[in-house]
Structures are given as C-alpha cells and as structure tokens.
> 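Provided herewith is a single structure, encoded as structure tokens, for subsequent inquiry.
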Amino acid sequence: MGVRFRGWGIAVPDRVVTNEELSLTLDTSDEWIRERTGIRERRIGGSAKTLGVLAGQRAMDDAGMSAADIDFLVLATTTPDRIAPATAPMIANELGLTCPAMDVNAACSGFMYAIRTAYGLLETGNKRILVIGAEHLSRWVDWSDRNMAVLLADGAGATVLEYDPNETDLISFCLGADGSAADLLTCEHGGYFQMNGREIFRRAVRVVVDSAEKALATAGITADDLSLVIPHQANIRIIQAATQRLGIEMERAVVVLDRYGNTSSASIPLAFDDARQNGRIKPGEYALMTGFGAGLTWASAIVRWS
Ligand code: UT7
C-alpha cells in the first residue's frame with residue numbers, strides 16, 4: 001500500500017518569549033538555557049484548537065484540498081482544550097469537515113503516533129486524512145518552576161496523508177511504549193507538568209536510537225542512506241547524542257527548538273516545515289522522523305519523499 005504526504009502547514013502564536021524575559025522572573029539565565037537545551041526563545045499563546053485550526057487549514061490549502069476531500073481527522077495533542085469533548089471535533093467543525101475526528105495522546109511522540117494511526121486508517125479504506133499536532137503546553141506550566149518553564153511552548157503543525165495505490169512516502173515504522181516509566185514525566189488533573197529531566201534524557205537517547213535502528217532495518221537501509229533526520233525538539237543535546245550514536249552528522253538533523261522550544265506533538269511538523277522552507281526536502285531521498293515523550297512513548301518512521 002502507498003501513502004503520500006500531500007501538504008503541510010504550521011501555526012505558532014505571535015507572542016515571542018525570550019530566555020532573557022524568563023530570567024526576569026525565574027532563577028535562570030539565557031546562558032544556562034542555551035547551553036543545556038539549545039532553546040533561545042519560544043512562542044506562547046492560543047489553544048490546541050485555535051492553533052490546530054490554522055495549521056490544518058494551511059495544510060489543506062497546501063495540498064489543494066477542500067473540507068469535502070478529507071475523510072478523517074486525527075489530532076495529536078497532550079493538551080486538549082477540555083477533557084471532554086475531544087479537541088478534534090471542534091477543529092473539524094471550524095474547518096468545515098463533516099468526517100470522523102478524534103484525539104490521540106502519545107505526548108511528544110503524538111505526531112508520529114497520529115501518522116501511524118492515519119496509515120492504518122488509509123489501509124482500511126479511507127482516502128485522505130488530515131493529521132494535526134497541536135499543543136497549548138504553556139497552560140499547564142507552573143511559571144514559577146524553572147525546570148519546566150524554560151522548556152515547554154505552544155504551536156501546531158499539520159499534514160494531509162493520501163492513499164496511493166502505486167507510490168509510498170512512508171516506508172517503515174517502529175513505535176513503542178513503556179508505562180513502567182509513567183511517573184518520569186506527568187501532568188496531573190488541575191496540576192502542572194513535572195519531570196525527572198535527567199532520567200528522561202537518558203532514556204530518550206536510548207529509545208530514539210533503538211527505534212530508529214529498527215525502522216532502518218525494516219526499510220532495508222542504513223543510517224548512511226538518510227539525508228535528513230527530523231527529530232522531536234526537546235533538547236539539542238538529546239539530538240546530538242542520538243545522531244552521534246546512529247553515526248549521523250548533526251548537519252543532517254533539523255533543529256528548530258532554538259526558536260520554538262519543546263512543542264510536544266507539534267515539534268516534528270514544525271521541524272519538517274523549516275526543512276522544506278530551506279530546500280532540504282528532496283524527492284527520492286530518505287529521512288528519519290523520530291519522537292519520544294511522556295508515557296514513555298517513542299516512534300520512528302522512515303520516509304522517502306516522492
Ligand atoms: O519532550 C520530551 C520530554 N522532555 C525531555 O526530553 C527533557 C529531557 N531532559 C532535559 O532536557 C534535561 O535534563 C534538562 C534540560 C531538563 C535539564 O538539563 P540537565 O543538564 O539534565 O540539568 P540537571 O537537571 O542535571 O541540573 C543541573 C543544574 C542543577 O543544579 P545543581 O544541582 O547542579 O546545583 C539544577 O538545579 O542546573 C540547575 N537547573 C537550572 N539552572 C538554571 C535546572 N534547571 C535550571 C534552569 N536554570 N532552568
């Protein structure tokens with residue numbers, strides 16, 4: 001079976017919050033945040049719905065498709081506007097979609113989990129699926145907690161996946177979950193995000209490398225064949241450590257966390273969009289998309305843009 005990426009769109013809030021601004025109210029510094037995470041600034045504002053609507057509309061426009069063309073909406077979000085209803089039906093309504101719509105929550109692996117879900121739906125008869133990753137993480141940040149406040153931010157990205165009987169952009173997947181590590185990164189009802197950063201860091205590198213190697217093996221290629229790595233944007237040092245272990249130079253990795261911080265399930269499409277704007281997406285070339293996050297969850301995919 002073939003699946004093609006048909007269009008992409010992103011949305012970020014206008015409000016830029018720099019490291020210097022955070023340093024005014026937190027015991028932190030631009031130097032610490034840049035050196036330990038790679039983040040310089042982030043965008044704050046909107047909601048999963050408003051950002052998701054914008055990104056979704058832009059992806060449909062980019063694909064040259066209208067609401068009637070879409071027959072399923074899968075929204076990846078860790079930060080739905082409400083516990084019920086799900087945010088996807090509200091986004092669908094704003095976009096004029098009348099198709100089924102549902103949320104997927106796999107934290108920072110969410111976009112790749114949504115892509116995998118869409119792939120399965122296309123396998124079973126759907127033709128075009130709008131996949132959105134949209135997050136309003138700032139709502140669940142304790143702004144007096146320097147551990148989380150310097151990391152998390154808001155944003156959205158979207159793509160339209162279309163069934164194609166002949167060609168495929170999605171070559172292989174490797175997804176996983178380990179709920180025994182659930183307490184390492186949590187946000188309780190009515191609470192704020194909390195994390196054991198060092199332990200998440202250690203495990204993140206391990207699962208990214210492991211799932212990437214498995215996805216590469218299933219695709220029948222090696223890391224040398226990859227032109228691009230589009231990783232979840234949590235920490236530049238995680239990206240450096242994982243690519244180094246995979247034998248991939250950092251030049252092949254897309255990094256946008258300096259501008260956007262960690263936007264969870266929006267981070268991979270934000271990185272993709274940046275790569276596209278900079279002419280780094282080339283037909284026929286292989287790329288690795290890889291995410292990890294609370295759960296723990298992880299997900300890697302090998303793609304080849306047709
Ligand atoms: O999206 C998926 C989930 N999230 C992640 O993948 C995040 C994974 N973890 C990380 O990115 C890193 O562990 C952090 C960026 C969270 C922390 O970096 P680190 O190098 O692991 O620092 P650390 O936690 O070992 O802390 C080093 C020091 C500590 O001080 P002491 O004990 O050495 O005196 C912290 O208290 O840095 C201190 N610190 C800070 N200082 C200034 C912690 N946060 C800050 C801060 N500003 N914001």
Side-chain angles (χ1 to χ4, degrees), residues 35-39 76 78 106-116 119 133 151 169-185 195-258 260-272 274-275 280-281 285-305:
E35 280 178 9
R36 297 290 183 130
T37 72
I39 298 168
T78 322
C108 303
S109 313
F111 192 75
M112 299 316 298
Y113 263 70
I115 293 280
R116 181 68 187 88
Y119 186 90
L151 303 175
D169 292 352
L170 276 164
I171 313 290
S172 67
F173 293 101
C174 176
L175 280 72
D178 175 9
S180 71
D183 291 340
L184 292 180
L185 175 46
M195 173 173 72
N196 177 339
R198 275 186 212 184
E199 189 56 21
I200 291 274
F201 191 118
R202 209 173 59 78
R203 291 179 188 234
V205 175
R206 202 163 65 204
V207 297
V208 164
V209 171
D210 188 58
S211 65
E213 282 174 345
K214 286 181 176 140
L216 283 165
T218 306
I221 61 170
T222 70
D224 288 344
D225 298 314
L226 295 172
S227 301
L228 214 56
V229 179
I230 305 176
H232 169 50
Q233 309 282 312
N235 187 320
I236 186 89
R237 294 186 295 131
I238 294 177
I239 299 174
Q240 286 164 340
T243 49
Q244 188 189 21
R245 280 179 209 192
L246 287 164
I248 300 168
E249 318 83 67
M250 260 307 269
E251 291 67 46
R252 284 191 269 164
V254 183
V255 176
V256 296
L257 57 82
D258 53 331
Y260 298 132
N262 181 347
T263 57
S264 192
S265 56
S267 80
I268 288 178
L270 286 175
F272 175 91
D274 184 80
R280 296 176 75 184
I281 305 293
E285 293 191 350
Y286 288 104
L288 163 70
M289 297 171 116
T290 182
F292 60 90
L296 297 180
T297 59
W298 55 90
S300 289
I302 303 299
V303 300
R304 186 179 50 208
W305 326 110

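Note that the numbering runs from 1 along the sequence shown for the chain.
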> Measuring only between side-chain heavy atoms, which start at C-beta, is Asp274 closer than 4.5 Å to Val254?
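Asp274 reaches Val254 side chain to side chain.
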
> Identify the two heavy atoms, one from Phe173 and one from Ala215, that lie closest to each other, and give their separation to 0.1 Å.
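Nearest heavy atoms, Phe173 then Ala215: C-CB, 4.3 Å.
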
> I need the Ile302 CD1 to Leu288 CG distance, nearest 0.5 Å.
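Those atoms lie 4.5 Å apart.
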
> Got a sec, which residues hit side-chain hydrogen bond (donor to acceptor under 3.5 Å, both in side chains) with Asp178, two or more places apart in sequence or on another chain?
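So Asp178 forms a side-chain hydrogen bond (donor to acceptor under 3.5 Å, both in side chains) with Ser180.
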
> At their closest point, which heavy atom of Ala253 faces which heavy atom of Thr243, and how far apart are they?
CB-CG2, 4.3 Å

> Output, in order, the C-alpha distance, side-chain angles, deciding distance and verdict of side chain to side chain contact (heavy atoms under 4.5 Å, CB included) for Ile238 and His232.
CA-CA 10 Å; Ile238 294 177; His232 169 50; over 6 Å; no

> Around atom CD of Glu199, are there more than 12 heavy atoms of other residues, nucleotides or ligands at under 6.0 Å?
yes

> Let me see the working for Met112 and Thr290 under side chain to side chain contact (heavy atoms under 4.5 Å, CB included), right down to the final yes or no.
CA-CA 7 Å; Met112 299 316 298; Thr290 182; over 6 Å; no

> Within this structure, what is the CG-CZ distance for the pair Asn235 and Arg36, rounded to the nearest 0.5 Å?
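Rounded to the nearest 0.5 Å, the CG-CZ separation comes to 10.0 Å.
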
> How many angstroms lie between atom OH of Tyr286 and atom CG of Leu216, to the nearest 0.5 angstrom?
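Between atom OH of Tyr286 and atom CG of Leu216 there are 10.5 Å.
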
> Identify the two heavy atoms, one from Ala76 and one from Phe111, that lie closest to each other, and give their separation to 0.1 Å.
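Residues Ala76 and Phe111, closest heavy atoms: CB-N, 3.8 Å.
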
> Atom CZ in Arg116, atom OH in Tyr119: separation rounded to 0.5 Å?
7.0 Å

> Do you know which two heavy atoms are closest between Leu170 and Ala301, and how far apart they sit?
CD2-CB, 4.3 Å

> Could you point out which residue of Arg280, Arg252, Met289, Glu251 forms a side chain to side chain contact (heavy atoms under 4.5 Å, CB included) with Leu228?
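Looking at Arg280, Arg252, Met289, Glu251, the match for Leu228 under the side chain to side chain contact (heavy atoms under 4.5 Å, CB included) is Arg280.
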
> Enter the distance from Ser172:OG to Lys214:NZ here, rounded to the nearest 0.5 Å.
12.5 Å

> Measure the CD1-CD1 distance between Ile239 and Ile230 for me, rounded to the nearest 0.5 Å.
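Ile239 CD1 to Ile230 CD1: 11.5 Å, rounded to 0.5 Å.
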
> Evaluate the side-chain proximity of Phe201 to Arg237: yes if any heavy-atom separation is below 4.5 Å, no if none is.
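They are in contact (side-chain heavy atoms under 4.5 Å apart), so the answer is yes.
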
> Minimum heavy-atom separation for Ser265 to Ala107, with atom names?
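Where Ser265 meets Ala107 most closely, the heavy atoms are CB-O, 3.8 Å.
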
> Where do Trp305 and Phe272 come nearest, in terms of heavy atoms and distance?
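In terms of heavy atoms, the two residues are closest at CH2-CE1, 3.3 Å.
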
> Under 4.5 Å between any side-chain heavy atoms of Arg245 and Val208, yes or no?
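The answer is no; the side chains never approach within 4.5 Å.
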
> Would you check, one step at a time, whether the test side chain to side chain contact (heavy atoms under 4.5 Å, CB included) holds for Leu296 with Ile200?
CA-CA 9 Å; Leu296 297 180; Ile200 291 274; 3.7 Å; yes

> Do the non-hydrogen side-chain atoms of Gln233 and Val255 ever get within less than 4.5 Å of each other?
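Gln233 vs Val255: side chains touch.
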
> For Thr297 and Ser109, run side chain to side chain donor-acceptor pair (under 3.5 Å): C-alpha distance rounded to whole Å, both residues' side-chain angles, the deciding distance at 0.1 Å, then the answer.
CA-CA 6 Å; Thr297 59; Ser109 313; 2.7 Å; yes

> Could you check whether atom CG of Asp225 has more than 12 heavy atoms from other residues, nucleotides or ligands sitting under 6.0 Å from it?
yes

